[in-house]
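None of the values given here were measured: they were computed from a predicted structure. Side-chain atoms are counted along with the backbone in the values below, which use heavy atoms only and exclude waters and symmetry mates.
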Amino acid sequence: MGLENNYFELLNSILKEGNRAIPFLMLDLDRIDENIQLLQKDLKTGAHLRIVVKSLPSYPLIAYIANKMQTNRYMVFHQPFLSDLASKLDHQADILIGKPMPVKTAAYFYKNISKNNPDFNPFTQIQWLIDTKERALQYLQLAEKLGQSLRLNLEINIGLHRGGFHSLEALSETLTLISEHSDKIEFSGFMGYDPHVVKIPSIIRSQKYSLKRSNEFYEECKTLVREKFPQLWKDHLTFNGAGSPTASLHNSASSPLNDIAAGSCFVKPTTFDIPTLHNYQPACFIATPVLKKMKGTAIPGLEKLKKFMPFINKKNAQSFFIYGGYWKADYIYPKQLEENKLYGVSTNQTMVNAPKNTNLEVDDFVFLRPHQSEFVFLQFGKLVVIKNQKIVDEWELMDNN
């Protein structure tokens with residue numbers, strides 16, 4: 001993955017020369033650019049990229065990737081993020097809600113939407129995800145109360161079994177409802193999420209067969225609309241799916257998708273160290289300073305065992321306490337750093353151990369790779385942006401309230 005020691009040694013030097021010493025979440029724009037180029041090659045010809053906002057919860061980061069990928073499509077999973085984007089995006093943007101929202105949440109959004117952005121129309125530029133006929137009825141009632149038509153995208157279960165329409169019969173009932181109330185609710189397409197394709201063990205089902213089964217049901221749903229509900233069929237319908245793990249698998253004419261979601265692949269936290277993203281580079285890191293350095297490892301109540309600790313585990317030769325901790329992340333620099341589970345982890349000061357030959361001092365920074373971006377990013381005030389191994393900017397996170 002190219003995580004060379006000199007890379008982090010240089011970042012450590014840069015941070016030590018700065019005017020603050022707190023935990024930072026760092027983004028490497030050079031690596032993000034390389035990942036963007038990879039996805040451009042992986043993306044199906046003629047398909048649109050839809051940026052997954054929860055995986056990149058910073059408007060400057062989203063805008064940067066949207067500009068590079070030449071897309072104005074976004075997938076949103078959180079009402080505060082939706083409200084934030086609605087106050088910033090222009091009339092060309094299209095938002096697909098990534099999970100079925102309680103109708104109360106949608107009502108709250110419309111009641112409290114900012115009036116300061118006349119360029120964004122929250123009725124024509126948002127697709128609300130619908131997973132059942134009952135939810136479609138709720139959104140029909142909301143549309144009637146608002147006196148506005150709402151766009152509904154239907155979630156289909158293509159094998160993940162996390163909800164959505166699992167049969168053509170159930171789907172037909174909701175399509176009929178939409179047809180009967182087309183002045184209030186509009187069919188905008190389908191969403192079918194398929195991470196199971198790369199996660200099911202091959203001994204149970206091959207990746208090729210999993211993808212085939214998922215795509216076949218997706219096509220059956222599209223055919224149902226074309227043949228039984230032709231009045232709902234339009235050229236601009238959204239047929240969304242994939243995600244970072246499976247985006248490259250849809251790079252063929254046989255894929256039913258014209259709208260592909262991705263987000264995490266641009267920054268690649270550890271959860272995405274999978275074969276389909278092998279060529280992508282990690283581009284997000286936590287950096288936090290060392291507060292204390294001690295020889296050996298002393299555990300409360302077990303002080304008499306201190307001299308034996310390095311023999312139990314050679315990493316107990318040195319102890320360090322860092323600023324913060326308990327993140328969903330793995331230590332990557334210096335190598336062989338390890339949390340002391342016996343001492344216990346802390347969000348305030350976490351003990352980490354290292355072998356005798358580890359060169360680490362007070363005020364040095366240690367580096368970690370997040371397991372995921374969507375939760376970990378939000379634990380930091382700002383994102384520190386690196387380019388050419390230099391700090392070039394700080395980007396705000398999205399409003400989470």
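With no hydrogens or angles considered, no side-chain donor-acceptor pair links Asn12 and Tyr7 at under 3.5 Å. A side-chain donor from one of His371 and Asp330 sits under 3.5 Å from a side-chain acceptor of the other.
Phe123 and Tyr110 have their aromatic ring centers within a separation under 6.0 angstrom. In this structure, Phe239 has its ring center under 6.0 Å from that of Trp233.
Enclosure of atom CD in Gln70 is not indicated, since only 12 or fewer non-hydrogen atoms of other residues, nucleotides or ligands lie within 6.0 angstrom.
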Solution key, residues 200-210 side-chain donor-acceptor pairs under 3.5 Å, sequence neighbours excluded:
{"from": "Ser206", "atom 1": "OG", "to": "Tyr209", "atom 2": "N", "distance (Å)": "3.1"}
{"from": "Ser210", "atom 1": "OG", "to": "Ser206", "atom 2": "O", "distance (Å)": "3.1"}

Could you check Lys99 against Asp131 for salt bridge (charged side-chain N to carboxylate O under 4.0 Å, His left out), going step by step and ending with a plain yes or no? CA-CA 9 Å; Lys99 61 187 175 189; Asp131 58 332; over 6 Å; no
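Using bins of under 30°, 30° to 60° and over 60° for the plane-to-plane angle, the ring pair Phe8/Phe367 lands in the tilted bin.
The shortest side-chain heavy-atom distance between Pro370 and Ile286 falls under the 4.5 Å cut-off. Looking at Tyr333 and Phe365, their side chains never come closer than 4.5 Å, going by heavy atoms from C-beta outward.
Using a cut-off of 4.0 Å between Lys/Arg side-chain N and Asp/Glu carboxylate O, Arg50 and Asp259 are scored as salt-bridged. Under a 4.0 Å N-O distance rule, the pair Arg369/Asp273 qualifies as a salt bridge.
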